[in-house]
Every structure is written in C-alpha cells, then in structure tokens.
Protein chains: 2
Amino acid sequence: MNYDEAKNKFISTWGSLGSLWGINKTMAQIHALLLISPEPLSMEDIMEQLQISRGNTSMNLRQLMDWGIVFKENIMGERKEYFTSEKDIQELTKQIAKERSRRELKPTIKILKDVSNMQQDGTSKTTELIKQTKALHEMASNLDTMMNKIATHDHNWFTKTLLKLIK
Amino acid sequence: MNYDEAKNKFISTWGSLGSLWGINKTMAQIHALLLISPEPLSMEDIMEQLQISRGNTSMNLRQLMDWGIVFKENIMGERKEYFTSEKDIQELTKQIAKERSRRELKPTIKILKDVSNMQQDGTSKTTELIKQTKALHEMASNLDTMMNKIATHDHNWFTKTLLKLIK
DNA sequence: TTAAACTTTCAAAAAATACTGAAAGTTTAA
DNA sequence: TTAAACTTTCAGTATTTTTTGAAAGTTTAA
C-alpha cells in the first residue's frame, strides 16, 4: 500500500465511522486529514484535498474547534489561518469523553432522574416505568463518572486502567 | 409529572439519543416503548402508540432483533406476534457492547492495522500517518478488549468494575 | 384446499441533513 | 482611509435517510 492509498483509506474509514457516531462525514474527514498531516493546513488545502466547498469547510472546522480537538494556528508572516488537530491520541480521547459527557450523558441523566422521580400511582405500567428509568439512570451515572475520570486524570490513566482491568 | 407525560418524555429522549448514536429515531423509540411496557406488544400496539406505519414498524423491529435486544414472544391462543425487549439493563449493556464491537470496532481496528503496516518510505508524511494510525490502533484495541470483557463476563462485572475504578 | 389474519418487502414520497457559492463581513497592510 | 486577502453566513439546492402504504408473501384454522 502506498502513501496515497493508505491516506485515502484512513480518511474514508474515519469519515464513515464518524457518521456512525453522530458526527458528520465531512467533519470526521477533516479531522482525519489534520490528524495525519505533519504541517498545519489552510482552508484552501483542506478544500482542495477533500474536494469540498469553502462554506462547508468553514462550518465543519468551527464545529471541530467547538469540540476542542482542532485549533487555529498562526504561521508567522502568513495572513491565512492554519489548522491543526490534537495529535496526542490520549488527549483526544480525554477531550471526546469530556464533550460527550457534557453534551449527551449529562442531559440524559437529568431526564432519567426526573422521569424516575414521577409520582408512583401503584399501576403496573407506572411501576415498570420507574423501575426501568431508575436502572438506566444508575447505568448512565456510572458511565458518566467513568468518562469524567478519563477526562480529568492524567494522560495515561485511562490506558493504564484499561490494561489493569483487562488482565 | 403523570404517567403519560413521563412516558412521552422518556420515549422522545431515548429517540433523540438513539439518532445521536447512529441508531434511527424510530428504532430507538420502539425500543424505549418495549423497555417500559410490562406486557409484550403487538405490531398494532406499536404502530398506534408511536403513530408510525406498518412497514416502518416491521423493519425497525427486525433491526432491533438483529441487535439481539428485542424478541418475539408468542402468546398462547393468539395468532399475532408479540414483542418484548431485554428488560435487564446490565444484559442490555452487554449486548450493545458486543454488537458495537462486532459492527464498528473490529472492522476499524483491522483497517488501522493495515494502514499502519504500510511501507515506510522515510518521508515525514508517511512517518506521521504510520505513527498516528498505530496510536489509534492501540487505543481502539484497548477499548475493544474492554467492550468484550463487558460482553462476556457475568452480569455484574461491568458495574462492579466501574465502581472500583471510580473510587 | 382456501380464505382470513397476519407480516414482509419495496418503489415512491416525504423529511431531514449536508453542501454550495456568492454576498456580506472582517482583518491587515500600506 | 482603502482595497486586498481572507473568513463567515445563509438561502437555495442536492443528497441521503426515513417513512409510507399497497402488493406480495406467509401461516393457520377450518
């Protein structure tokens, strides 16, 4: 496999993975491209390499920056803006864990809590609803705590802990 | 909050969560409905409660069965088919971990391995591509091992382990 | 058998989502 | 200032995904 084949394979795989996880394909591809690029890239570079429009590039870069995994970088003497991604995979994992907790888990946990605290009326359907949302609440809270450990501990905590678990 | 409010809140929350995770909204809503229903439901019941068509119901139920989290149940003396979901949240978690490993992680790991084993040609771009895909491969493999522990260990292993971790 | 009761399939329609490109906006250098 | 170099926004368009509903398929009871 030569460089271009390998690169395209990686970018397209990352792209479809992304869309499987609620992140759009282009956003994931831009991220993949930056992740393997030794140099920061300009908007033009990204547009050209992925064959996408200026508007699309701009909006997806913004979202990646909102996720905290892509950054603007100024190159001295250059007017243009350049972009890099978080290159450290452990750091990337931490950031993703943090954001998914904030965006998805926390709000879900709140609703599960509200629902499971509804008025018990003794009917079997209410009993079941309370029971199941309580159980989901507990599971989601445990997961959330784990995600936040990943996000706040030092660099290697997650890998070290995983390995300990696994043995 | 009365029963209907609570139920609707739960179903719609579960629905939007689903679509955030690559599972379509209706599929997630059917799952939610079955999860909190004390009795198995027929296709008619589901169609009526979620206001969706017969075809849609049929296809999404099939997918849920493919995931191994919804089952057909025969009620004696009844011609119709009835459906229930896995009610045990720990068991549900195991099943989801297993399927996501099989459908997403495993194929991704294979590609990361292939790409990271490409011919090194000494250029900085090739070096970076190999380095990053290797790092992702390692992270993905660790996650996959964890998911499979969840999937194969006994019932409570995951929760117990999480709690140990967390403290 | 056959016909009623039910489920699945799939082409077409609808809905949701993503993308384009040009106009508007911003920044910088002179 | 101003104008060149760049980025953002957003209405309209294209693409993808989901849904519908009717026809085809299957099962069961008589």
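Here is the naming used below: chain letters follow the sequence lines, and residue numbers restart at 1 for every chain. What you see is a predicted model; the values in this text were computed from it and never measured.
- Atom CZ of B:R62 and atom C1' of C:dT9 are 8 Å apart (whole Å).
- The minimum heavy-atom distance linking B:A28 with B:G18 is given by the pair CB-CA, 3.9 Å.
- Proximity of A:N56 to the phosphate of C:dT20: a side-chain N or O atom is located under 4.0 Å from OP1 or OP2.
- Seen from the ring of B:W21, A:R100 counts as a face-on cation partner, given the 6.0 Å and 45° thresholds.
- Ion pairing between a basic and an acidic side chain is recognised when a charged N comes within 4.0 Å of a carboxylate O; A:E44 and A:K80 show no such pairing.
- Using modelled atom types, one finds a donor on one side chain and an acceptor on the other under 3.5 Å when comparing A:N56 with A:N60.
- In summary, B:K87 and A:E128 engage in a salt bridge, as defined by a charged side-chain N under 4.0 Å from a carboxylate O.
- Judged purely by atom type and a 3.5 angstrom limit, B:E5 uses its side chain to pair as donor or acceptor with the backbone of B:N2.
- Residue A:S53 places its side chain closer to C:dC19 than to any other of D:dG21, C:dC19, C:dC10.
- Put simply, the side chain of A:W14 reaches to within 4.5 Å of the side chain of B:L136, judged on heavy atoms.
- Within the 3.5 Å criterion, the main-chain N or O of B:S42 finds a donor-acceptor partner in the side chain of B:D45.
- The separation between B:Q51 atom CD and D:dG21 atom P is 11 Å, rounded to whole Å.
- Distance NZ (B:K80) to C1' (D:dA29): 17 Å, rounded to an integer number of Å.
- Rounded to an integer number of Å, the gap from B:F83 CZ to C:dC6 P is 13 Å.
- For the pair A:L64 CG and D:dT8 P, the interatomic distance rounds to 13 Å; values are reported in whole Å.
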Between the protein and nucleotides 22-27 of chain C, which nitrogen or oxygen pairs are less than 3.5 angstrom apart?
| residue | atom | partner | partner atom | Å |
| --- | --- | --- | --- | --- |
| C:dT27 | O2 | A:R79 | NH2 | 2.6 |

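- Within the hydrophobic cluster formed by Ile, Leu, Val, Met, Phe, Trp and Tyr side chains joined at under 4.5 Å, directly or through other members, A:I75 is accompanied by A:Y82.
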Could you spell out the base pairing of DNA chain D as a dot-bracket line? Use Watson-Crick and G-U wobble contacts where both distances are under 3.5 Å, [ ] for crossing pairs, | for partners on a different strand. ||||||||||||||||||||||||||||||

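- Under the 4.0 Å criterion applied to side-chain N and carboxylate O atoms, B:R102 and B:E99 are assigned as salt-bridge partners.
- You'll find that the side chain of A:S58 is closest to D:dT8, out of C:dG21, D:dC10, D:dT8.
- For A:D114 and A:K110, the salt-bridge test passes: some basic side-chain N is under 4.0 Å from an acidic carboxylate O.
- Atom CE in A:M65 sits roughly 10 Å away from atom C1' in D:dT7 (whole-Å rounding).
- Computed from coordinates, the A:I46 CD1 to C:dT20 P distance equals 14 Å when rounded to whole Å.
- For residues 16-45 of chain A, proximity to DNA chain C is found at A:N24, A:T26, defined as any non-hydrogen atom under 4.0 angstrom from a strand atom.
- Judged purely by distance below 3.5 Å, without hydrogens or angles, the side chains of A:K106 and A:S101 pair a donor atom with an acceptor atom.
- Judged purely by atom type and a 3.5 angstrom limit, B:T126 has no side-chain atom pairing as donor or acceptor with the backbone of B:T123.
- Side-chain proximity of A:M59 to the nucleotides D:dT7, D:dT8, D:dC10 is greatest for D:dC10.
- A:K98 meets the side-chain contact (heavy atoms from CB on, under 4.5 Å) test with A:Q95, A:A151; sequence neighbours excluded.
- Listed by residue number, the members of residues 66-78 of chain A with any heavy atom below 4.0 angstrom from DNA chain C form an empty set.
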